[in-house]
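Have a look at the structure below, then the notes.
Just so it is clear, the values below take in all heavy atoms, side chains as well, and ignore hydrogens, waters and symmetry mates. Positions are given from 1 along the sequence.
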Amino acid sequence: RSEFRRRKALDRLHLVEGLLIASLNIDEVVAVIRSSDDAMAARERLMAIWAIGDLQGCYGPTQRLLEKIRFDPAQDTLWFCGDLVNRGGESLETLRLVHSLRANSVVVLGNHDLSLLAISERSPEDQRKVNADLQRILFAEDRDTLIGWLRERPLLHTDRDLGWMMVHAGLAPKWTI
């Protein structure tokens with residue numbers, strides 16, 4: 001039992017470390033915005049594309065992050081770099097949020113998202129054996145909408161105009177794009 005708790009704590013530690021890194025970088029971005037003469041100058045100094053990885057079902061921190069960067073769906077685009085679900089305890093809310101932002105976002109799948117899709121194909125009896133956070137998605141009223149939308153997300157996104165590519169965990173060196 002204590003080994004189980006230790007592993008769970010270590011799983012959550014990487015979330016805290018990731019949020020710490022994100023908040024350190026976000027402060028720099030916010031400083032640029034605040035030091036700009038006006039909104040147009042700030043926009044010229046900053047990208048309107050925000051890349052965010054490993055939400056991990058952390059709805060509250062995701063909401064706070066979007067508030068901190070002052071995400072404006074009328075002007076900005078979000079790039080979600082996989083692992084929308086699993087460890088944060090609010091995977092259903094997180095998935096609903098990202099789905100609601102689909103007109104202003106690009107999403108690629110991560111390993112946790114792929115796992116959810118595989119689990120969604122199992123029998124309801126087997127679906128009840130997975131963690132409670134994923135069960136909330138699997139048995140939600142809007143499950144078919146969310147799972148169907150997630151199933152259509154790519155593993156890789158390329159924006160040739162920007163010269164950027166997004167993938168969750170990396171590319172094998174022999175792959176070409």
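Of the inter-residue distances, the one linking Asp54 atom CG with Arg87 atom CZ reads 8.5 Å to the nearest 0.5 angstrom. Within the model, atoms CG of Leu95 and CG of Leu146 stand 4.5 Å from one another, a figure rounded to the nearest 0.5 Å. Separation of atoms CG (Leu66) and CG (Leu97) is listed at 6.0 Å; rounding is to 0.5 Å. Atom CH2 in Trp175 sits 8.0 Å away from atom CG in Leu156 (nearest 0.5 Å). Taking CE of Met166 as the reference point, atom OG1 of Thr158 lies at 9.5 Å (rounded to 0.5 Å). Here CD1 of Ile52 is found 8.5 Å from CZ of Phe71. Values are rounded to the nearest 0.5 Å.
With sequence neighbours excluded, the residues that form a side-chain hydrogen bond (donor to acceptor under 3.5 Å, both in side chains) with Ser91 are Asp133. His168 pairs by the side-chain hydrogen bond (donor to acceptor under 3.5 Å, both in side chains) definition with Asp83, Asn111, not counting sequence neighbours. Leu155 is linked by a side chain to side chain contact (heavy atoms under 4.5 Å, CB included) to Leu109, Leu114, counting only residues two or more places apart in sequence or in another chain. Not a single side-chain hydrogen bond (donor to acceptor under 3.5 Å, both in side chains) links Asn104 to another residue, sequence neighbours left out. Partners of Glu3 by side chain to side chain contact (heavy atoms under 4.5 Å, CB included), not counting sequence neighbours, listed by chain and number: Arg6, Arg7. The side-chain hydrogen bond (donor to acceptor under 3.5 Å, both in side chains) check on Glu90 picks up nothing, with sequence neighbours excluded.
Pairing each heavy atom of Ser105 with each of Val98, the nearest pair is OG-O, 4.2 Å. Taking all atoms of both residues into account, the shortest heavy-atom contact from Gln56 to Val85 is OE1-O, 3.5 Å. Taking each heavy atom of Gly88 and Cys58 in turn, the nearest pair found is CA-SG, 3.7 Å.
Under the 4.5 Å side-chain criterion, counting only non-hydrogen atoms from C-beta, Leu84 is not in contact with Leu116. Taking 4.5 Å as the limit, some side-chain heavy atom of Ile147 sits within range of a side-chain heavy atom of Ile137.
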Donor-acceptor contacts, no H, no angles, side chain residues 117-125, under 3.5 Å, sequence neighbours left out:
{"unit_1": "Ser120", "atom_1": "OG", "unit_2": "Leu117", "atom_2": "O", "d": "2.6"}
{"unit_1": "Glu121", "atom_1": "OE2", "unit_2": "Arg151", "atom_2": "NH2", "d": "2.7"}
{"unit_1": "Ser123", "atom_1": "OG", "unit_2": "Asp126", "atom_2": "N", "d": "3.2"}

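Sorted by first and then second residue, the pairs that involve residues 95-118 and meet salt bridge (Lys or Arg N to Asp or Glu O under 4.0 Å), not counting sequence neighbours, are Arg96-Asp142. Within the structure, ring-ring contact (aromatic ring centres under 6.0 Å, His included) pairs that include any residue of residues 140-162 comprise Trp79-His157, His99-Trp149 (at least two apart or interchain).
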Q: Go through the steps to decide whether Asn86 and Asn131 satisfy the test side chain to side chain contact (heavy atoms under 4.5 Å, CB included), and finish with yes or no.
A: CA-CA 8 Å; Asn86 198 18; Asn131 76 52; 2.9 Å; yes
Q) After noting the C-alpha distance and the side-chain angles of Leu65 and Trp50, does the key distance pass the side chain to side chain contact (heavy atoms under 4.5 Å, CB included) rule? A) CA-CA 11 Å; Leu65 177 63; Trp50 300 91; over 6 Å; no
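In this structure a side-chain-to-backbone donor-acceptor pair under 3.5 Å is missing from Gln127 to Gln135.
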